[in-house]
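Contents: one structure, followed by commentary.
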Amino acid sequence: LLSAQEATPSSFNREASITAWGFGAEETNPMAYSRIEAFRAAYPTIQLELVPTFDDQQLLTGYASDQLPDLIWIGRDKLASWVKRGVFSPIDDFIASGRIDTSQFYPSAWEQVQVDGKVYGIPQFMDVRALYVNNDALSTAGQDPASLDTGNWDLLADLGEQLVVKDGDTYQRWGFDHKIQAQWLWLWARGNGGNLMSDDGQEITFDEEKNVEALQWGKDAYDAQGGFAAYEGLASTWQGDEQFARGQVAMTMYENWMLGIISRVAPDLPFTVLPIRTRGGTDMISFTGGLAWVIPNGANDPEAAWEFITFMANPETWMIGAEATKAARVSEGVPFIPSLTANQTVDQRQIDELYESLGGPFDSAVELFPELLQIGFSLPTTKSIAGAQIADALQNDGVLPALRGEASPEDALADADQAAEDAVETAS
Amino acid sequence: MSVFAANRQRREESRAAWIALSPWILGFLVFTLWPVGSSIYFSFTRYDVVSSPEWVGLDNYRRLFTDDRRFAVSIRNTVVYALMYVPLHVIFALAIALLLNQARQLNSFFRTLYYLPSVTPAVATAYLWIWLLNPNDGIVNRGLRTLHLPAPGWTVDPFWTKPTIVISQLWILGGALIIFLAGLKGVPVQLYEAARLDGANAWQRLRDVTLPMLSGVTFFVVTISIINAFQVFTQGYVMFDEDGGPRNSALFVVMYLFKRAFEFLEMGYASAIAWLLFLLILVVTLFQFRLSKRWVFYESDTN
């Protein structure tokens, strides 16, 4: 193991005390625990207090009563809306010191922590989306998973219909879960050549024809499998995100972290992780999310907070965390799957230095995710102060009514477009 | 004792009372009256807590009445829910109270048993019912299918979501039950004896003695359960989701208020919703009082 001092040489040696909200470092979480221990060892003069619980209301009341901490660990999707309310400070001056190599961040993560040309956070961790396919199920439909063309969306829908398993009226397995009901129309719309919003988050374009087409495809795919109500009935029996590992869905869109669940619940499951490709094309498509460290306005000791962020963002610190994670997994008898850190260099080093081959599906997925992170986009709602309202309008006035057949995809998206524009207008 | 001494003692007593009451009064002023009062002002502003409130006049109310489809949905859902829940709740609580009042043995055991759901955390009971009523493989639908009866989509069919919540709530009737029981104990035995001497059977005794004697208690229970029904939140939020499940069919006013306030940070708008809900409850309650003159009987009125 690397020593902590080796990880970040620093000239910071005055007494300081800082508080961070939202970050927990329990011993059961070796990635967090080991890095925090390393920090405490490297900076004996900095008293670090971690307050793991955190939510919007806490931030709101903290800001209103002028009691914000020195650091906040927050979802990158929420960052811009708080920046626009003046709650976080830009960190460009700190960045200029050059202690963090920002070129190592994946493009979409780095872009997500910038608002109006200023940097407000340092990205950590990343999630990305792909298609998980149950090989046994797929072979019953006469399809070889390795050669499945994920740019052929009609084929995906067809397979979904074939792979549903029912016993009388009771659904036992869903065929294809495209997650459009879970706000993933962003991916399918873009893959269909559309876009729900301009990239800068300024213009709402829900009702574009290509978006309508994508939603129609999603609705048809569910109707062929028995309809959205049937899906909801079955999905409400799924627990702990284990539906794919337990064979309750044959093909599903999911985040990268499902790999960890499979390795724990069903390590011998024959499966394949495939990138979704643009409709009728070959370009991979996915969207990303993750977290970030930010320094709120009115922090008592921004310099000490920046020391902490620098330490946490250092590749050597990440490797301390990754090694501790691997050691913990080995002792639990569970395979080690590298975390996606939002830092390209670290992700690659974990694969090169720590990952031990688990065989076919795991290996190719572990290789695939960094590639997807390179091309992934972040949701443009995160650029708008009314991001939550826009996402809500798309979901409740557009996607869900269309999937349930209450309105045509065209009318539903037009309604949602109007609702989202109203929301933007009242919020700005 | 002289008049002066008596006055002084009264003054001292009242001072002691004020001192003893002051924590409550202070708490009431600071944590209830002040926020409630402020929310009137906020309801005429645009306010995200972070920036200072900006006066918009009646705009929030105008939007609620004209633009906001989901607010209308939440009002309708809440009223429909109250119409289903209140009568059933009162009837069930009364029926069980009548049974318990008859019980000769294990009286306190049954009373505890029926009260238990009222002290069980609402989230836990909501989850329990979500499992029992799961349309795909919940125990209720499995039973119905075995009997070759139709198995409703309790939690996924917008038609059934409100009945689902009502069913889960009917289980929780401890409060009303105890009040009814207390009321039943207060009915003078002589009235029953007199009725019996006049040849009244059990049904007639219930209709002509028990129910009129309980009318004051019933009025109280009805009023409180209407207010509770209008403020329903947890079940919709936990059994479905923040948007009230399929077609927003379990989206209640308080859930919508919560979303606007704490998810979208539209405190002004949410304050307007709160005041409209208050007015709605006030109107319904006043109507109740009006109506009560026709059916509520107080012993003190008899003279």
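Both backbone and side-chain heavy atoms feed into the values below; hydrogens, waters and symmetry mates do not.
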Answer with side chain, backbone, both or neither: which region of [X] has an atom nearer than 4.5 Å to a non-hydrogen atom of chain B?
X	result
A/E406	side chain
A/N297	neither
A/Y171	both
A/D392	both
A/Q57	side chain
A/L400	neither

Crowded around [X] [atom1]? As in, over 12 foreign heavy atoms under 6.0 Å?
X	atom1	result
B/Y114	OH	no
B/I139	CD1	no
A/E410	CD	no
B/D67	CG	yes
A/K179	NZ	yes
A/D55	CG	yes
B/Y61	OH	yes
B/Y41	OH	yes

*Check A/G233 against B/P135 and note the closest heavy-atom contact, atom names and distance.*
CA-CG, 4.5 Å
_Region of B/W131 that comes under 4.5 Å of a non-hydrogen atom in chain A_ = side chain
*Can you say whether B/D48 sits under 4.5 Å from chain A via the side chain, the backbone, both, or neither, judging by heavy atoms?*
both
*Looking at CG of B/N134 and OG of A/S236, how far apart are the two atoms once the value is rounded to the nearest 0.5 Å?*
4.0 Å
_Check ion pair A/D422-B/R63 (N to O, under 4.0 angstrom)_ = no
*Would you please test A/D397 and B/R70 for side-chain contact (heavy atoms from CB on, under 4.5 Å) and show each step?*
CA-CA 9 Å; A/D397 298 315; B/R70 235 181 296 165; 3.6 Å; yes
*Please determine, among B/V49, B/D68, B/N141, the option with the most heavy-atom pairs under 4.5 Å with chain A.*
B/V49
*asked:* I'd like to verify something: which residue of A/F228, A/Y63, A/W82 has the highest number of heavy-atom pairs under 4.5 Å with chain B?
replied: A/Y63
_chain A-proximal positions within residues 233-269 of chain B [heavy-atom distance under 4.5 Å]_ = B/D243, B/G245, B/P246, B/R247, B/N248, B/F258, B/K259, B/F262, B/E263, B/F264, B/L265, B/E266, B/M267
*Can a donor-acceptor pair be found between the side chains of B/D137 and A/T170 at a distance below 3.5 Å?*
no
